[in-house]
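If you're wondering where the values come from, they're calculated on a predicted model, not measured in any experiment. A, B, ... follow the sequence lines: proteins, then strands. Residue 1 opens every chain.
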Protein chains: 2
Amino acid sequence: MAEPQTRTRIQKKNRTTILDAALDVFSQFGFRGSTLDQIAKAAGLSKPNLLYYFPSKEAIHVELLSCLMDTWLDPLRDLDPNGEPRAEILAYMRRKLEMSRNFPRESRLFANEILQGAPRIMDAIKGELKDLTDEKAAVIQGWMDAGKIAPSHPYHLLFSIWSLTQHYADFDVQVRAVLGNEGDDPFPAAEQYLETLFSKLLAV
Amino acid sequence: MAEPQTRTRIQKKNRTTILDAALDVFSQFGFRGSTLDQIAKAAGLSKPNLLYYFPSKEAIHVELLSCLMDTWLDPLRDLDPNGEPRAEILAYMRRKLEMSRNFPRESRLFANEILQGAPRIMDAIKGELKDLTDEKAAVIQGWMDAGKIAPSHPYHLLFSIWSLTQHYADFDVQVRAVLGNEGDDPFPAAEQYLETLFSKLLAV
DNA sequence: GTCTATAAGACGATAGAC
DNA sequence: GTCTATCGTCTTATAGAC
């Protein structure tokens, strides 16, 4: 009963610490390739202490994935059907690229899960993700039909935005190794290139 | 001494069977997430028998990766500096997309290795891959300088071909889930879309 | 060459002291 | 809440029969 807020605050802090450490590990090695020992060491806690806050290794992973899905779709949700079509799509691309820059671990966690056949996230793929994609693809198709942007394939247009932007998070070590000077930030040039690419694609 | 060719033929056949099974498993779960039991079961052999043909789990993985690098760069090697610039780049994109269609497991094996920080392939990335990329980026830069194709970033142009084409192998289950009718082949529409995309990007 | 049996250690999870 | 100790299982690799 004494200081319940303090206990809660410590609990939340430890849960956050564990999830952050787990994101480090799971995003790199996937679910099967990650161990509680690695996560415990990264979190600076003992292994049994992890399992005091989460019932199992899988529960930690599931928690990360469901948190991820919530924010992962935000950039696409913000695509405004009433906005200026070309500007809306370019702004969506920029938001996705910004997510790759600011949340590369989340992008790699997602990539790892998809590569493994999406066993723990297929419901969300066929549900939330597909529903939102269907909705926004219809908006884009409407813009194409109205002659606001050049006609192409709405779904593959969205796929191309996903793959091009997530590439800079998922294949970060390759991008930096090929560009050399690995301390340099590849994102400014990437943004400029992608703006050119999509501007030309969408121009009527 | 009796029938050495037969023994060799059996050995080669078993090595091939093991490598094919290992490709199935490693491409899905990565190195750390895969087990010899899975590979043995997929190959229809016993676990000790695997280790009769390869000294260790890591040796199987390394063998797969070095075989992969040999063929992975072929499409880019075939980019002809003396060809017609726009046609050469489009043909390269088509060759890469064809590799994603015909060798999706190899693409996912590569993606898994890069996601994990490329621990067993970084030398090849900084060596063969970077050298070839530098060489072909210079060719593309030359074409841009000569006004044969629209100016952009040669390296990011290559990155965009890699990410767009490999996406259809690496994120295959997502692509099919979002498109619905998962038996349908997404590659024809993908090829058409990517041809449009790069045609417009390169047009002077 | 292929198998069963097993060593030696890593792994997820639990028990119980503090 | 956090720890040490430990259980039972999984995993890589080896030993040795056939």
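- As a whole-Å value, the separation of B:Ile60 CD1 from D:dT11 P is 15 Å.
- B:Asp24 and B:Gln28 share no donor-acceptor pair across their side chains, judged by distance under 3.5 Å alone.
- Here A:Ile60 contributes atom CD1 and A:Leu36 contributes atom CG; the two are 6.0 Å apart, rounded to the nearest 0.5 Å.
- Taking the six-membered ring where the residue is Trp, B:Phe26 and B:Phe31 present parallel rings, their angle staying beneath 30° rather than reaching 60°.
- What separates CZ of A:Arg15 from P of D:dG1 is a distance of 12 Å, to the nearest Å.
- As a whole-Å value, the separation of A:Phe29 CZ from C:dA10 C1' is 15 Å.
- Near DNA chain D, defined here as any heavy-atom distance below 4.0 Å, the residues from residues 33-53 of chain A are A:Ser46, A:Pro48, A:Asn49, A:Tyr52, A:Tyr53, listed numerically.
- Across all non-hydrogen atoms, the minimal contact from B:Gln38 to B:Gly33 is OE1-O, 3.7 Å.
- A parallel orientation is assigned to the rings of B:Phe171 and B:His167, their planes being inclined by less than 30° (bins at 30° and 60°).
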Under 3.5 Å, side-chain donor or acceptor atoms of residues 187-194 of chain A against the rest of the protein: list the pairs with distances, not counting sequence neighbours.
| from | atom 1 | to | atom 2 | distance (Å) |
| --- | --- | --- | --- | --- |
| A:Tyr193 | OH | B:Ser160 | OG | 2.8 |

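- As a whole-Å value, the separation of A:Arg32 CZ from D:dC10 C1' is 10 Å.
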